[in-house]
Amino acid sequence: TGYYGDGLNAIIVFAACFLPDSSRTDYNYVMENLFLYVISTLELMVAEDYMIVYLNGATPRRRMPGLGWMKKCYQMIDRRLRKNLKSFIIVHPSWFIRTILAVTRPFISSKFSSKIQYVNTLAELCEMIPMEYVHIPDSIIKYDEEKCIKRRMR
């Protein structure tokens, strides 16, 4: 978590690579409690505008949150939190994430859809937000470096 702008505008960083494996027997219980924790944290932290940076890179498919879970999250976030969200940045979007968002677009508000931004590299992210207070996990940095090397080799 970091802050940007003149006010205390929060930047919430969410790394999907740390989500629990869907093969866990208590997966639904863990995800339910994780969601409640995230929402209560957001409600405490967010007084004004905020943005979410969703780090998708280095995340195996079995750790990706399911469509049902994401829909429930969106529906349970209160209006104030939805309204104060200025942008939802997805770093290293996979084909899967892009497809899910394309399929769900008719079911989510156009206001929310317009807040979603895709960013392919950490360098691109640095151009969009101040990074001095944003912690990027080592696994994401390594993933980004490997991806950039592969791109240069093409």
Side-chain angles (χ1 to χ4, degrees), residues 1-4 8-122 124-125 128-129 131 133-147 150:
T1 306
Y3 293 94
Y4 70 97
L8 286 181
N9 299 322
I11 300 172
I12 313 296
V13 180
F14 192 82
C17 60
F18 296 128
L19 287 172
D21 195 305
S22 59
S23 64
R24 289 176 62 131
T25 53
D26 61 350
Y27 179 76
N28 289 332
Y29 173 80
V30 171
M31 290 300 279
E32 185 78 24
N33 283 293
L34 176 66
F35 170 71
L36 294 172
Y37 170 76
V38 168
I39 291 302
S40 60
T41 303
L42 275 177
E43 286 172 349
L44 289 172
M45 289 183 61
V46 174
E48 314 218 353
D49 295 347
Y50 71 105
M51 64 175 66
I52 294 176
V53 176
Y54 178 81
L55 302 171
N56 187 63
T59 306
R61 177 73 184 90
R62 66 185 187 278
R63 290 190 188 271
M64 292 270 183
L67 185 57
W69 186 79
M70 289 194 279
K71 181 182 175 193
K72 190 173 171 183
C73 288
Y74 176 74
Q75 289 169 338
M76 284 182 71
I77 293 172
D78 84 9
R79 188 178 174 282
R80 178 186 70 87
L81 282 177
R82 278 202 295 247
K83 197 174 125 255
N84 288 1
L85 178 66
K86 291 304 160 206
S87 63
F88 187 86
I89 302 169
I90 300 172
V91 183
H92 304 124
S94 62
W95 175 87
F96 176 73
I97 289 282
R98 287 179 188 263
T99 302
I100 280 184
L101 288 169
V103 168
T104 58
R105 188 153 275 170
F107 307 105
I108 56 178
S109 78
S110 58
K111 279 185 183 173
F112 183 78
S113 291
S114 69
K115 296 175 184 183
I116 299 170
Q117 296 176 279
Y118 296 115
V119 172
N120 293 311
T121 65
L122 292 176
E124 257 181 78
L125 182 64
M128 296 174 73
I129 63 170
M131 297 294 286
Y133 303 112
V134 176
H135 173 71
I136 304 292
D138 292 340
S139 58
I140 303 292
I141 293 169
K142 187 174 182 240
Y143 176 87
D144 187 72
E145 288 168 353
E146 289 168 1
K147 203 171 171 195
K150 283 180 186 172

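The model shown is predicted, which means the values in this text are computed figures rather than measured ones.
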From CA spacing to verdict: side chain to side chain contact (heavy atoms under 4.5 Å, CB included), I140, C17: CA-CA 8 Å; I140 303 292; C17 60; 3.9 Å; yes

Evaluation steps, side chain to side chain contact (heavy atoms under 4.5 Å, CB included), between I89 and L125: CA-CA 9 Å; I89 302 169; L125 182 64; 3.9 Å; yes

Y143/T59 under side chain to side chain contact (heavy atoms under 4.5 Å, CB included): CA gap, chis, key distance, verdict: CA-CA 10 Å; Y143 176 87; T59 306; over 6 Å; no

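Nearest heavy-atom pair, L81 versus Y50, reported as atom, atom and distance to 0.1 Å: O-OH, 2.8 Å. Across all their heavy atoms, P60 and A58 have their closest contact at CD-O, 3.6 Å. Between Y27 and P65, the shortest heavy-atom contact is OH-CA, 4.1 Å. Scanning both residues, L85 and K115, for their nearest heavy atoms gives O-NZ, 2.8 Å. In this structure, V119 and P93 approach most closely via the heavy-atom pair O-CD, 3.3 Å. Taking all atoms of both residues into account, the shortest heavy-atom contact from N120 to H92 is O-CD2, 3.0 Å.
Residues passing the salt bridge (Lys or Arg N to Asp or Glu O under 4.0 Å) test with E146, sequence neighbours excluded: K142. The salt bridge (Lys or Arg N to Asp or Glu O under 4.0 Å) test applied to R105 returns no partner, not counting sequence neighbours. Residues satisfying the salt bridge (Lys or Arg N to Asp or Glu O under 4.0 Å) criterion with D78, sequence neighbours excluded, are absent altogether. Not a single salt bridge (Lys or Arg N to Asp or Glu O under 4.0 Å) links R82 to another residue, sequence neighbours left out.
Rounding to the nearest 0.5 angstrom, the gap separating the CD1 atom in I11 from the CE atom in M131 is 8.5 Å. One finds the CG atom of L55 at 10.0 Å from the CD1 atom of I141 (value rounded to the nearest 0.5 Å). Between the CG atom of L42 and the CD1 atom of I12 there is a distance of 5.0 Å, given to the nearest 0.5 Å. To the nearest 0.5 Å, atom CD1 of residue I97 and atom CE of residue M64 are 5.0 Å apart.
Contact annotation: the side chain of V53 approaches that of V91 to within less than 4.5 Å [non-hydrogen atoms, C-beta and beyond]. Using a 4.5 Å heavy-atom threshold, the side chains of I90 and L101 count as touching. Within the 4.5 Å cutoff, no side-chain heavy atoms of I52 are placed close to those of S87.
Screening residues 9-21 for salt bridge (Lys or Arg N to Asp or Glu O under 4.0 Å), with sequence neighbours left out, gives D21-R62. For residues 22-41, the pairs satisfying salt bridge (Lys or Arg N to Asp or Glu O under 4.0 Å) are R24-D26, E32-K72, with sequence neighbours left out.
Within a 6.0 Å sphere centred on CZ of R79, heavy atoms belonging to other residues, nucleotides or ligands number 12 at most.
With N33 contributing its side chain and Y29 its backbone, the two residues share a donor-acceptor pair below 3.5 Å. The closest donor-acceptor contact from the side chain of D144 to the backbone of T121 lies at 3.5 Å or more, if one exists at all.
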